[in-house]
Amino acid sequence: MPVPRLHPRTIEAVKERADIVDVVGEHVVLKKKGREFVGICPFHDDSKPSMTVSPAKQFYYCFSCGAGGNSIKFLMEFQRQSFGDVVLELARKYQLPVETVEGPQQERLRQQLSRRDKLHRALALAAGWFRGQLRTPVGASALNYLTEKRGLSEVTLESFGLGYAPEQWDGLLKHLQQVEGLSAELLEAAGLVVARKGGGGFYDRFRHRVMVPIHDRQGRVIGFGGRSLDGSEPKYLNSPETDVFEKGKHLFGLDRAANAIRKDDRAVVVEGYFDVIALHAAGVTNSVASLGTALSSQQITQICRCSEGKRIVLNFDADGAGVRAANRAIGEVEQLALQGQLELRVLPLPSGKDPDEFLKDHGAGDYRALLDQSPLWLDWQIQQVLEGRDLSQADQFQQAVSGLVALLGKLPQSAVRTHYLQQVAERLSGGQGRLALQLEEDLRQQVKGQRWHGRSSRHEQPGEASQRERSEAEILRLYLHCSNHRAAIRRELRQRELEDFALQHHRLLWAAITDLEETNLGAGRLEAISRGTDSGHDLEDIELPRLLTDQLLLENSALVARLTPLLEPGEVHLAAMAKPLLQLRGTAAALERQKSLKRCRHLLEAWGGQRLETLERCIAALIQEERQQPTESVDMEKRIEAMFEELNSDALRFQALYYSERKHIGHLDQQRCGGFSGQDVIPA
């Protein structure tokens with residue numbers, strides 16, 4: 001429905017209510033600088049904070065690209081929306097009355113806005129009913145669980161509005177229908193009931209569970225988390241996504257933690273509801289939790305809006321799932337952390353305890369002491385690489401070195417990288433000074449190569465970037481629209497190590513594709529398909545273009561316009577996909593060839609930087625050695641050859657690697673020209 005002409009009073013009300021720092025801060029991490037805020041401009045390829053946001057002037061301006069304006073202008077440019085759409089979206093967000101020039105259209109808009117109000121009312125009534133059930137005889141087991149096992153006080157129960165969903169199929173449904181007069185369809189839309197298969201009515205989503213209400217920043221109930229009491233799976237059941245509840249955009253406890261985060265200038269992010277509840281009960285009120293998903297960039301942005309110093313401490317469980325969740329959260333913000341846009345730390349609790357368990361055994365004072373000593377994210381990741389490895393074993397030592405090089409390769413050339421190289425070398429050497437110096441230099445060379453590998457633009461020639469963009473787009477277009485070849489495409493990308501797309505919008509699209517496929521088939525099967533141990537026929541049944549368009553319109557509408565040529569290809573592109581497997585191999589070979597060419601340039605540069613030792617110097621060194629320690633029956637020719645190879649080992653290694661890479665490029669050229677044969681694969 002086209003947006004009707006909005007009344008000037010509505011426009012002025014939105015301009016007055018929409019704070020520029022709040023609006024921009026939802027999409028850009030802002031850091032206070034004097035009376036203003038600075039951030040990385042989203043309207044051009046920016047690596048340093050060049051955009052200034054002024055709360056006094058309610059204006060933003062980028063000194064690099066010249067973008068500027070008020071809150072409405074920012075959203076129009078960022079989300080590619082019309083003026084009317086942006087004003088209407090802000091009016092909904094801030095619950096401002098919408099007036100239009102035409103009466104009938106105004107009424108329809110009011111109906112749309114009132115649907116969200118009805119959902120909020122249904123959820124609030126459900127929260128009240130759950131609280132009431134906790135105090136009845138049927139809720140005795142739940143109340144005992146909360147007070148005895150969890151050790152929560154009456155004040156905490158009331159503060160967080162905890163409740164109980166009885167072990168009934170339609171207890172909540174009957175109450176809200178018969179007493180409150182709400183329709184089953186509205187309750188389904190709110191995520192409170194589920195439709196029976198075959199259309200035979202509805203039943204309660206939550207049964208025999210402790211109920212934890214989830215609130216938005218305005219304090220409204222938007223969903224629930226239900227904890228099983230009888231061991232049934234899942235242990236925690238969350239509300240589904242609805243018109244008012246998007247898991248990736250909300251944080252449990254942020255409505256009550258925001259002021260404490262501002263005061264402490266630090267946010268503590270934990271995994272579970274009861275971790276947050278236990279921390280708040282112990283006085284650590286600057287704690288929040290993600291909602292059953294990996295911490296997203298949108299959630300991190302919300303936290304940063306509350307902390308002037310942009311300080312975040314991750315306190316996830318010490319088990320494998322917790323470590324993976326922490327690493328995923330770090331991956332979302334490590335670039336901002338490396339650029340100094342936020343301070344990220346990780347708090348590992350001793351004995352693998354979660355915050356709730358630790359507080360029971362040690363108390364809030366010990367927790368705060370550990371919180372103040374929590375290491376920076378990179379220090380924690382380094383410790384994770386070294387954890388449990390016996391560095392006296394060659395294979396484990398090499399694994400540790402490889403992991404550390406991958407971590408330190410993220411750091412730019414700076415005093416910080418030098419600091420970490422020295423620190424890591426000392427830990428690997430076991431305190432042996434001379435060995436530490438040798439290791440430090442070896443690590444520096446490996447890190448230099450790792451930073452170059454696949455990412456360095458310094459070794460990129462003119463035109464390669466646009467060629468890479470075209471090649472990546474071709475592969476993604478094939479994957480989306482040649483559904484019967486999706487398994488083959490995944491195998492090809494895995495074999496050639498091309499799954500990490502270079503361009504951000506392509507990476508986002510591939511991540512969205514993978515999420516959809518994992519939801520349908522499971523992560524294990526998708527990994528088996530990529531390895532080639534599963535045929536992957538089910539992949540072709542997933543309607544990726546339609547599902548992705550719907551998902552991206554909801555989550556990232558600004559990205560849709562850029563990806564439209566891939567999601568909706570024209571006739572020319574469709575015609576070009578007549579022989580998808582040949583096109584795939586040629587395009588993948590072209591991408592791999594780019595990587596190989598950059599490796600060649602890097603190897604030539606590294607080779608040229610080596611100081612070659614001459615045979616004359618080798619002979620002189622051997623004569624001197626012979627004078628000091630005479631030996632009999634020595635094959636001098638072999639000793640000279642061995643010393644020459646030893647002194648020039650790096651240069652000779654670069655020669656061999658360069659030769660191998662050039663040979664591989666020749667093989668890739670055959671593939672690009674259609675001469676591919678599965679029998680003659682030459683490893684890179």
When rounded to the nearest 0.5 angstrom, what distance separates [atom1] in [X] from [atom2] in [Y]?
X      : Y      : atom1 : atom2 : value
Asn70  : Gln58  : CG    : CD    : 9.0 Å
Arg266 : Asn286 : CZ    : CG    : 6.5 Å
Lys73  : Phe78  : NZ    : CZ    : 15.0 Å
Asp366 : Leu359 : CG    : CG    : 9.5 Å
Lys118 : Leu187 : NZ    : CG    : 12.5 Å
Leu342 : Trp377 : CG    : CH2   : 10.0 Å

Strictly by modelled atom types, are [X] and [Y] linked by a side-chain donor-acceptor pair under 3.5 Å?
X      : Y      : answer
Tyr273 : Asn238 : yes
Asn144 : Ser141 : no
Ser159 : Thr156 : no
Ser374 : Asp372 : no
Gln381 : Asn327 : yes
Arg150 : Tyr145 : yes

| What do the steps show when you test Arg205 against Ser239 for side chain to side chain donor-acceptor pair (under 3.5 Å), and what is the final call? | CA-CA 8 Å; Arg205 179 180 296 276; Ser239 291; over 6 Å; no
| said: Between Tyr60 and Phe37 (judged by ring centroids, cut-off 6.0 Å), do the two rings come close enough to count as a pair? | reply: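 Judged by ring-centre distance (under 6.0 Å), Tyr60 and Phe37 do not meet the cut-off.
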| message | With a 6.0 Å cut-off on the ring centroids, do His215 and Phe252 count as close? | response |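 That pair fails the under 6.0 Å test.
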Quick check against the 3.5 Å criterion: does [X] have a side-chain atom that pairs as donor or acceptor with the backbone of [Y]?
X      : Y      : result
Gln133 : Phe130 : no
Glu180 : Leu125 : no
Glu271 : Asp317 : yes
His208 : Leu229 : no
Ser228 : Ser232 : yes
Gln299 : Lys247 : yes
Ser307 : Cys304 : no
Ser71  : Ala18  : yes

Least distance between heavy atoms, [X] atom then [Y] atom:
X      : Y      : result
Leu347 : Leu370 : CD1-O, 3.5 Å
Phe74  : His27  : CE2-CD2, 3.9 Å
Ile214 : Phe245 : CD1-CZ, 4.0 Å
Gly309 : Asp265 : N-OD1, 2.7 Å
Gly226 : Arg209 : O-NH1, 3.1 Å
Ile261 : Ala267 : CD1-CB, 3.8 Å

Do [X] and [Y] come within less than 4.5 Å of each other through their side chains, counting heavy atoms only?
X      : Y      : answer
Leu544 : Ile513 : yes
Asp538 : Asn520 : no
Glu188 : Val194 : no
Phe202 : Asp170 : no
Phe274 : Tyr236 : yes
Ile277 : Leu162 : yes
Pro375 : Pro348 : yes
Thr10  : Leu96  : no

| Going through the checks in order, is the side chain to side chain donor-acceptor pair (under 3.5 Å) test met by Gln168 and Asp204? | CA-CA 8 Å; Gln168 303 170 8; Asp204 290 352; over 6 Å; no
Only one of [options] forms a side chain to side chain contact (heavy atoms under 4.5 Å, CB included) with [X], so which one is it?
X      : options                : answer
Met211 : Phe224, Tyr164, Trp129 : Phe224
Ile222 : Asp216, Asp243, Leu119 : Asp216
Val269 : Ile303, Val313, Leu344 : Ile303

| task | Give the C-alpha distance, both sets of side-chain angles, the deciding distance and a yes or no for side chain to side chain contact (heavy atoms under 4.5 Å, CB included) between Val270 and Leu279. | result | CA-CA 10 Å; Val270 295; Leu279 284 168; 3.8 Å; yes
| Residues Glu158 and Arg135 bridged, charged N to O under 4.0 Å | yes
| query | Should Lys31 and Glu343 count as an ion pair when the cut-off is N to O under 4.0 Å? | reply | no
| message | Does Asn315 form a side chain to side chain donor-acceptor pair (under 3.5 Å) with Tyr367? I'd like the steps, not just the answer. | response | CA-CA 11 Å; Asn315 182 196; Tyr367 183 87; 2.7 Å; yes
| task | Output all residues satisfying side-chain hydrogen bond (donor to acceptor under 3.5 Å, both in side chains) with Asp361, sequence neighbours left out; order by chain, then residue number. | result | Lys353
| request: Would you kindly check if the NZ (Lys) or CZ (Arg) of Arg345 is within the cone defined by 45 degrees around the ring axis of Trp380 and under 6.0 Å from the six-membered ring centre? | output: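 Verdict for Trp380: no cation-pi partner in Arg345.
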| query | Is Lys360 atom NZ crowded by more than 12 heavy atoms from other residues, nucleotides or ligands, each under 6.0 Å away? | reply |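 Yes, the 6.0 Å shell around NZ holds more than 12 heavy atoms from other groups.
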| query | Does the pair Leu376 and Asp379 meet the rule for a side chain to side chain contact (heavy atoms under 4.5 Å, CB included), with working shown? | reply | CA-CA 5 Å; Leu376 289 168; Asp379 292 292; 3.5 Å; yes
| Are Leu75 and Val23 close enough, and set up right, to give a side chain to side chain contact (heavy atoms under 4.5 Å, CB included), and what steps lead you there? | CA-CA 8 Å; Leu75 290 177; Val23 171; 3.7 Å; yes
| request: Begin with the C-alpha distance, continue with both residues' side-chain angles, and end with the deciding distance and a verdict on salt bridge (charged side-chain N to carboxylate O under 4.0 Å, His left out) for Lys249 and Glu26. | output: CA-CA 10 Å; Lys249 293 185 179 180; Glu26 286 189 351; over 6 Å; no
| query | Given Met76 and Ser82, is the side chain to side chain contact (heavy atoms under 4.5 Å, CB included) satisfied, shown in steps? | reply | CA-CA 6 Å; Met76 288 173 64; Ser82 67; over 6 Å; no
